[in-house]
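Fair warning: this is a prediction, and the values are worked out from it, not measured in the lab.
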Amino acid sequence: MIPSYYKRANIAAGVCLFAPIILILINLIINRSMERNFWDYLMVIIFYVCGLAFSYALWCYAKAKGYWGILGIGLAFLGIIGLIILLALPDKRKDVKIPKNKL
């Protein structure tokens with residue numbers, strides 16, 4: 001794996017995992033508020049950011065394994081199944097080691 005792409009994939013995956021927590025908090029605020037238009041737009045924006053972060057994470061992970069990045073974006077449309085497929089693919093970059101103290 002290429003360490004720089006691997007690190008970027010982990011950061012994007014963290015953003016993708018953190019976004020639903022924000023959506024849950026916004027949903028709790030909506031139920032107590034009368035002004036829904038602003039919160040609805042904000043929820044849609046966060047939803048799109050989560051989708052883009054997931055696509056970017058799979059793109060970086062495919063690049064880290066030595067495949068074309070477009071493979072990761074195509075597998076992002078399959079969701080969790082695409083992630084499992086990408087994890088099952090063999091690593092073409094076995095010669096590059098990830099330093100443990102750099103992550």
Side-chain angles (χ1 to χ4, degrees):
M1 287 208 175
I2 302 172
S4 63
Y5 285 118
Y6 186 73
K7 185 176 181 181
R8 290 179 194 173
N10 285 338
I11 292 170
V15 169
C16 186
L17 292 174
F18 185 67
I21 295 170
I22 294 174
L23 286 174
I24 291 170
L25 292 175
I26 289 174
N27 192 17
L28 292 174
I29 293 171
I30 286 175
N31 290 335
R32 301 176 199 269
S33 174
M34 298 301 283
E35 186 64 36
R36 294 183 57 99
N37 282 341
F38 172 74
W39 298 112
D40 289 342
Y41 291 129
L42 188 60
M43 285 177 57
V44 168
I45 289 171
I46 292 173
F47 180 74
Y48 282 126
V49 166
C50 182
L52 289 174
F54 184 70
S55 298
Y56 183 68
L58 290 186
W59 180 83
C60 286
Y61 199 70
K63 293 288 280 185
K65 283 189 139 188
Y67 294 98
W68 287 2
I70 196 72
L71 174 69
I73 292 175
L75 290 174
F77 287 108
L78 297 176
I80 296 296
I81 296 171
L83 177 63
I84 293 170
I85 291 170
L86 189 58
L87 290 174
L89 290 176
D91 190 3
K92 289 184 176 180
R93 304 279 183 164
K94 292 186 180 188
D95 55 342
V96 180
K97 300 291 181 188
I98 299 173
K100 292 184 180 180
N101 60 354
K102 296 286 183 175
L103 294 176

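The side chain to side chain contact (heavy atoms under 4.5 Å, CB included) check on Ile80 picks up Ile84, with sequence neighbours excluded. Evaluation of the side chain to side chain contact (heavy atoms under 4.5 Å, CB included) rule for Ala13 yields Ala57 as partners, not counting sequence neighbours. For the side chain to side chain contact (heavy atoms under 4.5 Å, CB included) test, no residue two or more places apart in sequence or in another chain qualifies with Leu17.
Clustering ILVMFWY residues whenever any of their side-chain heavy atoms sit less than 4.5 angstrom apart, transitively, puts Leu83 in the very cluster that holds Leu78. Tyr67 is connected to Ile81 through a chain of hydrophobic side-chain contacts under 4.5 Å among Ile, Leu, Val, Met, Phe, Trp and Tyr, so both are in one cluster. There is no path of hydrophobic side-chain contacts, each under 4.5 Å, that joins Ile11 to Tyr61. One hydrophobic cluster, built from ILVMFWY side chains closer than 4.5 Å, cannot hold both Leu52 and Phe47; they sit in different ones.
Looking only at distances, a side-chain donor or acceptor of Lys65 sits under 3.5 Å from a matching main-chain atom of Leu86.
Of all the heavy atoms in Ala62 and Gly69, the pair that sits closest is CB-CA, 4.5 Å. When every heavy atom of Ala53 is checked against every heavy atom of Val15, the shortest pair comes out as CB-CG1, 3.9 Å.
Rounded to the nearest 0.5 angstrom, Trp59 CH2 and Leu71 CG are separated by 12.5 Å. Between Leu75 atom CG and Phe54 atom CZ the span is 9.0 Å, to the nearest 0.5 Å.
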